[in-house]
Trainee: 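Have a look at this one.
The figures here come from the full heavy-atom set of this structure, side chains too, leaving out hydrogens, waters and symmetry mates.
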Amino acid sequence: MVSRTFWVGGNWKMNGSVAAIKDLATTFNAGSSPSDVEVVIGAPFVYVHLLSESLRKDWAVAGENCYVESSGAYTGEISPEMLKDVGAQWVILGHSERRSILGESDDFTAQKCVKALAAGLKVALCVGELLEEREAGITQQVVERQLDAVIKVLKEEDWANVVIAYEPVWAIGTGKVATPDQAQETHAAIREYLKKAISPKVAEETRIAYGGSVNGKNCKDAAQKPDVDGFLVGGASLKPEFLDIVNATQ
């Protein structure tokens with residue numbers, strides 16, 4: 001059994017101000033962080049540089065999206081190279097809001113992954129089902145379809161720089177959370193699919209994080225599950241309790 005480092009990502013979405021980010025960085029910088037936990041904070045693009053300058057250096061910073069080109073007439077889009085230039089080491093791609101609200105396809109997400117990795121960023125790849133898909137019993141089919149688009153265009157060695165975040169859309173910002181057993185069941189199925197679709201090595205070594213209304217109280221039981229390798233945290237990452245999630249395995 002290969003040891004998988006625990007991973008915790010905070011995703012601030014459309015939240016933040018200069019003052020709030022400085023305050024959060026001060027709080028996080030003073031907190032404890034286990035050596036086997038890789039912590040990444042995702043900030044809106046306009047705050048990436050400020051966060052990179054303010055945040056403790058043993059934590060990393062992520063952009064929350066990027067485009068598929070390095071430059072060109074794509075007004076308003078952000079290239080992976082731009083994210084790197086202002087201090088990001090990671091980027092969050094395929095987030096449920098971009099898929100379900102903005103209509104971004106699986107193939108477009110896959111193209112972003114290729115471009116981001118080629119630019120030297122690591123990728124948090126989000127996958128997950130809508131409530132009606134969960135109720136119809138097709139969660140795994142949906143997740144495999146989303147993964148397939150990426151599997152087709154990445155090389156096996158690329159997966160060393162990818163974390164998969166399973167985010168059931170029905171649990172994002174709703175207060176509803178997949179039970180630890182539900183998360184474990186889906187994560188184990190994802191790992192089994194990676195084994196079949198890519199290789200046993202990738203399946204064993206790829207970290208799979210759970211996202212969806214994670215907070216300091218509900219994270220500890222899920223953290224004990226064998227295939228839950230971390231969390232992608234939304235609203236709770238804007239609060240001091242984020243440190244409780246970072247320390248969930250302790």
Side-chain angles (χ1 to χ4, degrees), residues 3-17 19-44 47-48 50-52 54-64 88-90 92 95-97 122 124-126 128 163-188 206-250:
S3 176
R4 296 185 296 270
T5 303
F6 207 71
W7 189 91
V8 178
N11 181 19
W12 289 354
K13 304 183 183 181
M14 283 183 63
N15 292 289
S17 67
I21 286 170
K22 287 182 176 178
D23 285 346
L24 278 168
T26 297
T27 297
F28 294 160
N29 292 348
S32 64
S33 180
S35 60
D36 63 344
V37 177
E38 184 171 6
V39 185
V40 180
I41 303 292
Y47 299 125
V48 167
L50 172 63
L51 182 61
S52 177
S54 305
L55 192 65
R56 54 195 295 168
K57 299 311 175 188
D58 58 332
W59 290 16
V61 176
E64 296 180 326
Q89 298 109 309
W90 287 77
I92 301 169
H95 196 275
S96 59
E97 283 103 352
K122 296 181 181 181
L125 171 63
C126 301
V163 166
I164 295 172
Y166 167 58
E167 285 195 307
V169 181
W170 48 270
I172 298 173
T174 63
K176 297 179 180 178
V177 183
T179 67
D181 286 342
Q182 285 175 319
Q184 167 59 25
E185 178 183 36
T186 303
H187 285 215
T206 298
R207 291 170 293 177
I208 306 173
Y210 170 73
S213 298
V214 176
N215 59 45
K217 294 182 179 178
N218 63 30
C219 65
K220 293 188 177 181
D221 288 342
Q224 305 307 313
K225 296 296 183 179
D227 289 294
V228 176
D229 302 315
F231 301 104
L232 183 59
V233 185
S237 64
L238 290 158
K239 303 174 183 177
E241 71 174 292
F242 183 67
L243 288 165
D244 295 332
I245 302 170
V246 170
N247 286 279
T249 60
Q250 303 306 298

Trainee: Start with the C-alpha distance between Ile208 and Asp227, add both sets of side-chain angles, then the distance that settles side-chain contact (heavy atoms from CB on, under 4.5 Å), and finish with yes or no.
Mentor: CA-CA 7 Å; Ile208 306 173; Asp227 289 294; 5.7 Å; no
Trainee: Given 3.5 Å as the limit, does a donor-acceptor pair link the side chain of Tyr47 with the main chain of Ile21, or not?
Mentor: no
Trainee: Hey, what's the ring geometry for Trp59 with Phe242, parallel, tilted or perpendicular (30° and 60° as the breaks)?
Mentor: perpendicular
Trainee: Which heavy atom in Pro168 sits nearest to a heavy atom in Tyr210, and how many Å separate them?
Mentor: CD-CE1, 3.6 Å
Trainee: Report yes or no: does Trp12 contribute a side-chain atom to a donor-acceptor pair with the main-chain N or O of Ser237 at less than 3.5 Å?
Mentor: yes
Trainee: Do you know the tightest heavy-atom contact between Pro240 and Thr27?
Mentor: CB-CG2, 4.1 Å
Trainee: Donor-acceptor pair, distance only, cut-off 3.5 Å: does the side chain of Lys220 make one with the backbone of Ile245?
Mentor: no
Trainee: Give a yes or no on whether the backbone of Ala183 and the side-chain of Thr186 come within a donor-acceptor separation of less than 3.5 Å.
Mentor: no
Trainee: Please assess Asn215 against Glu241 for the test side-chain contact (heavy atoms from CB on, under 4.5 Å), listing each intermediate value before the final yes or no.
Mentor: CA-CA 7 Å; Asn215 59 45; Glu241 71 174 292; 3.4 Å; yes
Trainee: Any chance you could lay out the side-chain hydrogen bond (donor to acceptor under 3.5 Å, both in side chains) test for Glu64 and His95, step after step, and finish with the verdict?
Mentor: CA-CA 9 Å; Glu64 296 180 326; His95 196 275; over 6 Å; no
Trainee: Using atom types as modelled and distance alone, determine if a side-chain donor or acceptor of Gln184 lies under 3.5 Å from a backbone N or O of Lys225.
Mentor: no
Trainee: Which heavy-atom pair separates Val177 from Trp170 by the least distance, and what is that distance?
Mentor: C-CZ3, 4.2 Å
Trainee: Please state whether the rings of Phe231 and Phe6 are parallel, tilted or perpendicular, taking 30° and 60° as the class boundaries.
Mentor: perpendicular
Trainee: For the atom pair OG (Ser52) and CD1 (Ile41), what is the distance rounded to the nearest 0.5 Å?
Mentor: 12.5 Å
Trainee: Can you measure from NZ (Lys22) to CG (Leu50) and round to the nearest 0.5 angstrom?
Mentor: 6.5 Å
Trainee: Under 6.0 Å from the CD atom of Glu185, do we count more than 12 heavy atoms belonging to anything else shown?
Mentor: no
Trainee: Check whether any side-chain N or O of Asp58 sits under 3.5 Å from a backbone N or O of Val39 as a donor-acceptor pair, and report yes or no.
Mentor: no
Trainee: Report, as yes or no, whether the 6.0 Å neighbourhood of atom NZ on Lys239 holds more than 12 heavy atoms from other residues, nucleotides or ligands.
Mentor: no
Trainee: Quick one: closest heavy-atom pair of Ile172 and Lys13, and the distance?
Mentor: CG2-NZ, 3.2 Å
Trainee: So which heavy atom on Ala223 is nearest to which on Thr249, and how close?
Mentor: CB-CG2, 4.1 Å
Trainee: Begin from the C-alpha positions of Leu232 and Trp7 and carry the test side-chain contact (heavy atoms from CB on, under 4.5 Å) through to its verdict.
Mentor: CA-CA 8 Å; Leu232 183 59; Trp7 189 91; 4.2 Å; yes
Trainee: Kindly indicate whether the side chain of Glu38, heavy atoms from C-beta on, has any atom under 4.5 Å from the side chain of Asp229.
Mentor: no
Trainee: Do Ile92 and Cys126 come within less than 4.5 Å of each other through their side chains, counting heavy atoms only?
Mentor: yes
Trainee: Side-chain contact test, heavy atoms from C-beta onward, threshold under 4.5 Å: evaluate it for Val61 versus Gln89 and give yes or no.
Mentor: yes
Trainee: Does the side chain of Val163 come within less than 4.5 Å of Leu125's, by heavy atoms?
Mentor: no
Trainee: Identify, with sequence neighbours excluded, every residue that meets side-chain contact (heavy atoms from CB on, under 4.5 Å) alongside Pro34.
Mentor: Asp36, Val37, Val246, Asn247, Gln250
Trainee: So, Arg56 side chain and Gly31 main chain: donor-acceptor pair closer than 3.5 Å or not?
Mentor: yes
Trainee: Can you name the closest pair of heavy atoms from Asn218 and Ser213 and give their distance?
Mentor: ND2-O, 3.0 Å
